[in-house]
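Values in this document were obtained by computation on a predicted structure and should not be read as measured data. In what follows, chains are A, B, ... by sequence order, proteins preceding strands, each numbered from 1.
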Amino acid sequence: MKEKTARPANSLQLKLSIIFIMASILIFIVNAMLVFGINTMTREMDAVYRDNLKLNELAEAIADVQNNMTDYLNTKTSDSLERYYKSEQDYYKLVNELNNSVSGDTYELMERNIRNMSNEYIQTTGFAIEAKRGRNVERYSAEFDKASRLFNYINTYINSLNNERFKSNSSNFSELLSAFRIFETISMALMLGALLGSSVFVIGFTSSIIDPIRKLAKSADEVAKGNFEIETLEIRSSDEIGVVTKAFNKMVASIREYIEQIKENMEHERKMQEKELRIEATLKEAQLKYLQTQINPHFLFNTLNAGAQLAMMEEAEKTYDYIQNTAEFFRYNVREGNTTVKLADEISLIDHYIYILNVRFSGDIKYEKDIDESLTEILMPSMILQPIVENSINHGIKEMEGKGRITLRVYSEDDNVCISVRDNGIGMTQEMIDKVLSGELTEEEKAAPVGAHGIGMDNVIKRLRLFTDREDSVSIKSEGEGKGTEVIIKLTNGGSENV
Amino acid sequence: MKKKRISTRNLVFVYSVMILIVAIIFVAVALYFSRSIRAARHAGDTYSAASSSGVDFSKYYVMITSDRELDFWESVYKGAYEEGIKKGVCVEMMGENLSEDYSDTELMEIAIASKVDGIIVYADESAEMRDLINEAVNEGIPVVTVYGDSANSLRCCYVGVGSYNLGREYGRQIVKIAREYELSKTTASTHMNDTLNVVALVNSYSDNSNQSLVWSGIQNVVSTENNSEIQIELSQAYVDNRSTFTSEESIRDLFRSQETPDVIVCLNETDTNCVYQSLVDYNKVGKSAILGYYDSESILKGISRSIIYSTVSVDTYQMGAYCVDAIKEYEENGYTSQYMLADVTLIDKSNVSDYLSENGEVTE
C-alpha cells in the first residue's frame with residue numbers, strides 16, 4: 001500500500017464510473033445489435049413482396065395501354081391518343097426494368113418473355129394507332145387483334161409470374177417470420193442474460209465496496225460505545241475506503257495507546273501517594289512508640305499515688321489534693337484503647353486540668369461551669385475539651401494576671417448537645433477563625449501555642465468532624481480583639497452511640 | 001458475498017468478456033439467420049435444377065407441345081433440357097408455369113413474340129402450324145419439329161422416330177399375333193374366324209404424316225410377310241383428339257359400338273392408356289391384343305399383366321437431345337440435317353422386366 005493521501009490510484013469514483021459505464025456499454029451494444037437485427041429483418045420482409053408489387057404495377061400499366069388504345073380506335077379522339085402515348089411511355093419504362101438476360105431461373109425467363117412480348121405489343125399497338133390514323137381499317141383491326149392476343153398472353157404471363165412469385169414469397173415470408181420469432185426469443189434471452197450477468201456483477205462489486213464500509217461503521221459504533229478492544233480492520237482496497245479504514249485503524253490504535261499511558265500515569269501517582277501515606281503513618285507510629293517507651297503510665301501513677309499517700313501521712317492536705325488531681329489527669333491521658341468517652345469524663349478531666357493550673361499559677365484562672373447534667377452521658381472522642389481549654393488558656397488568658405476566666409457550658413439546642421468553652425482573652429480575628437476551621441494553619445502557627453507534645457486544634461477539629469460526620473460540629477466565635485473567644489462543639493443528641 | 005477483492009482491472013476484464021460473448025452470440029445468430037433466409041429464398045425461387053447448378057446460359061429455347069404432362073413428353077423435355085445445360089442453353093417447357101392452358105399454336109405465338117432463341121415444337125401438318133413455323137423462322141428463330149412434323153414449313157429439322165420402320169415393327173407384331181392365333185385355333189378347334197381384325201387408332205384431326213407412314217409400314221409387312229392362313233383385315237379408327245378429353249371418349253365409343261377388334265394398334269401414349277383401361281373396364285382382357293406405344297410405367301405394367309401385347313419404346317431422351325443439337329448446329333452452321341431419328345425398341349413380355357425395373361428405379 002502506497003502512502004498517498006491526495007487521491008488513491010483506484011478511487012471510488014473511478015470504480016463506480018467504470019461499473020456504470022461498462023454496464024451501459026453492455027446494454028447499449030445489446031440494444032444496438034437488436035435494432036440492427038430487427039432493421040435487417042424488416043428490410044428483408046419489405047423486400048419479400050416487392051416483386052409482386054412491381055408485377056401488379058406492370059399489369060395495371062398494360063391495362064391502361066390496352067384501354068387507351070381501344071378507346072382511341074373506338075373514338076379517335078386526340079384526348080385518348082394523348083392518354084395512350086402517356087400510358088405507353090409509362091409501360092415502356094416499367095418494361096425496361098425487367099430482366100433481359102437468359103438464365104436458368106424460370107422467373108427471370110418469364111420476365112424476359114414479358115419484356116419481349118411487351119415490346120412487340122407496344123410496337124403492335126403503335127402500328128394499330130398508325131393504321132387507324134391512316135384509316136387503314138383492315139390493317140388496324142388486324143393489328144388490334146394481334147395486340148389483344150399479345151395483351152392476353154402478357155397478362156397471363158404477369159398473372160402466372162405473380163402467382164408463382166407470391167407462392168414462393170409466401171413461403172419465404174413464413175420462413176422469415178419464423179426466423180424472426182426465433183430471433184426475438186434469442187435476443188430476449190441475450191438481453192436477459194446481459195441484464196442478469198450485469199446485475200450479479202454490479203451487486204457483487206458494490207457489496208465489495210460497501211462491505212468494508214459496513215465493517216468500518218460497526219467498528220466505529222463499537223468505539224463510540226467505548227470499546228477500544230476491536231480487531232484491526234483488513235484493508236482490501238487502495239481506494240478512499242481503504243484510506244479511511246487505514247486512518248481509522250491508526251486512530252483506534254493511538255487512542256488505545258493514550259488510554260494506556262493515562263492509566264499508567266494514574267497508577268504511578270496512586271502508588272506515590274500510597275507510599276507517602278505509608279511513610280507518614282510509620283513515622284507517627286514510631287513517634288507514638290517512642291513516647292510510649294518514654295512514659296510508663298503505671299510507673300507514673302504509682303509514683304504519684306505514692307506521693308499522695310506520703311502527703312496524707314504528713315497531713316499536708318493541699319499537697320495531697322494536688323498530687324491526686326495530677327494523678328487523675330495523667331491517668332486519663334495515658335489510659336489505653338478507649339478513644340470514645342463520656343462527656344462527663346471529659347469534663348472531669350477539665351476540672352483536674354484547671355485545678356492543676358490554678359495550683360501552678362496560684363489560682364489565676366477563674367473557672368465557671370454551667371452544665372446540664374442530663375446531657376453528660378453523651379459519647380464523644382477523648383482528648384477534645386482539654387486541648388480546647390488549653391488553647392484558651394495559652395492564647396486567651398495566660399497574660400491577663402488573674403483576671404482570666406474560662407466558662408464551660410453544656411446545653412441542648414435543637415436536638416444537639418452543645419459544649420461551649422469560652423474565655424475572656426485576646427480574642428481572634430475572623431481571618432484567624434477561618435484559617436483554624438479550614439485547617440490552613442502552617443506548622444509553626446499550629447505548633448507555637450501548645451508545644452510539640454500537645455494536640456493541635458486542627459487535630460481536634462478533624463477528629464470531631466470525622467466523629468460527627470458534620471462540617472458544623474465545631475464553630476469558633478469571637479467578637480474581636482480583647483473580647484474573648486468561644487469554641488462551640490455540637491454533638492448530635494442520641495446519634496453518638498454508633499461510634 | 002464470497003468475492004474477494006474485485007479490482008478495477010478485473011471489472012473491466014469481466015465486462016469486456018461479457019460484451020465479447022454477447023457480440024459473438026449475436027454474430028453467430030445473424031450469420032445463421034442470414035443463411036437460413038437466403039436458403040429459404042432460394043428454395044422458393046428455384047425449382048429447376050439448373051440455376052442451382054450455376055450454369056451460365058447464353059440461349060433460350062422453348063419446347064412446345066400440348067401434351068406436356070405425358071411421361072413421353074416429360075422424357076423428351078428432360079433429354080432436351082439436360083442436353084441444353086451441356087450446351088449452355090436453357091430449354092423451357094413452354095406454358096408450364098402459366099395459369100392459362102394455351103394451345104400449341106398460341107404457345108407458338110407467345111414464343112415468337114417473346115423472341116426466344118429457338119423453338120422445339122410438336123407440329124402437325126396443319127396450315128396454321130406451318131404459317132407459325134414460317135413466321136418464327138422469318139423472325140430469325142430456328143424451329144425444330146419433334147415427333148410430329150410440318151414437312152412443308154421452313155423448319156430446319158425434324159426429330160422423330162422412323163415412322164415407317166415403326167409401322168413395320170407393328171406389322172411384324174400383327175403377323176406374329178396372327179400366327180399365334182392360327183396356332184391356338186388348330187389346337188383348340190374352336191369356331192373361330194379365319195380373319196384377324198386389326199384396328200389402328202389414328203388421330204382424326206391432325207394431318208400427321210407420321211400416321212400415314214406407320215400405316216403404310218404396317219400394310220407393307222402384313223401384305224408381304226403374312227405366311228399364315230389367317231387373313232388379316234386392317235382398318236383405321238379415328239380418334240377425336242381436338243380437345244383434352246375427346247380421345248378417351250372416342251376410344252370408349254369404339255368399344256361400345258363395334259365388335260371388339262382382335263388387335264388394336266395405338267400410336268401414342270394416351271391412346272394406349274385409354275385402350276388399356278377400356279379393355280379392363282369392358283372386361284375384354286384377352287379378347288383383344290393391344291399394340292401399345294411408349295414405355296410408361298402403366299403400359300409396362302399392362303405388358304407384365306398380359307393385357308398389352310407389346311409396346312414400342314422410343315428413346316425420348318435421345319429425341320430431346322437431338323432437338324437441341326439440331327438447333328445449335330443450325331445456329332452455328334446455318335444448316336442441319338433435315339431428319340434425325342431416335343432409336344425405337346420393342347417391348348413385350350419377354351423383356352418387359354428389364355424396363356420395369358429400370359423405369360421403376362427412374363420414376364421412384
**Message:** Taking CZ in A:F166 as the centre, count heavy atoms belonging to other residues, nucleotides or ligands within less than 6.0 Å. Is the count above 12?
**Reply:** no
**Request:** Considering non-hydrogen atoms only, spot the tightest contact between A:N152 and B:Y102 and give its length.
**Result:** O-OH, 3.6 Å
**Asked** Given a strict heavy-atom distance threshold of 4.5 Å, which part of B:M93 is in contact with chain A: side chain, backbone, both, or neither?
**Response** neither
**Prompt:** Which heavy atom in B:S114 sits nearest to a heavy atom in A:M117, and how many Å separate them?
**Reply:** OG-CG, 3.3 Å
**Prompt:** In Å, rounded to the nearest 0.5 Å, how long is the span from CD1 of B:I110 to CD1 of A:I154?
**Reply:** 9.5 Å
**Over all atoms of both residues, closest heavy-atom pair of A:S160 and B:S99** = OG-N, 2.6 Å
**Message:** Is it the case that atom CD in B:E332 sees more than 12 heavy atoms from other parts of the structure closer than 6.0 Å?
**Reply:** yes
**Prompt:** Where does B:E92 contact chain A at under 4.5 Å (heavy atoms): side chain, backbone, both or neither?
**Reply:** side chain
**Request:** Apply side-chain contact (heavy atoms from CB on, under 4.5 Å) to the pair B:E100 and A:Y153, showing each step before the final yes or no.
**Result:** CA-CA 9 Å; B:E100 218 157 299; A:Y153 298 152; over 6 Å; no
**Asked** Which atom pair, heavy atoms only, marks the closest approach of B:K115 to A:R112?
**Response** O-NH2, 3.4 Å
**Message:** Report which part of B:L98 has an atom under 4.5 Å of a heavy atom belonging to chain A: side chain, backbone, both, or neither.
**Reply:** both
**Message:** Do B:N97 and A:Y157 pair up side chain to side chain, a donor and an acceptor below 3.5 Å, judged on atom types alone?
**Reply:** no
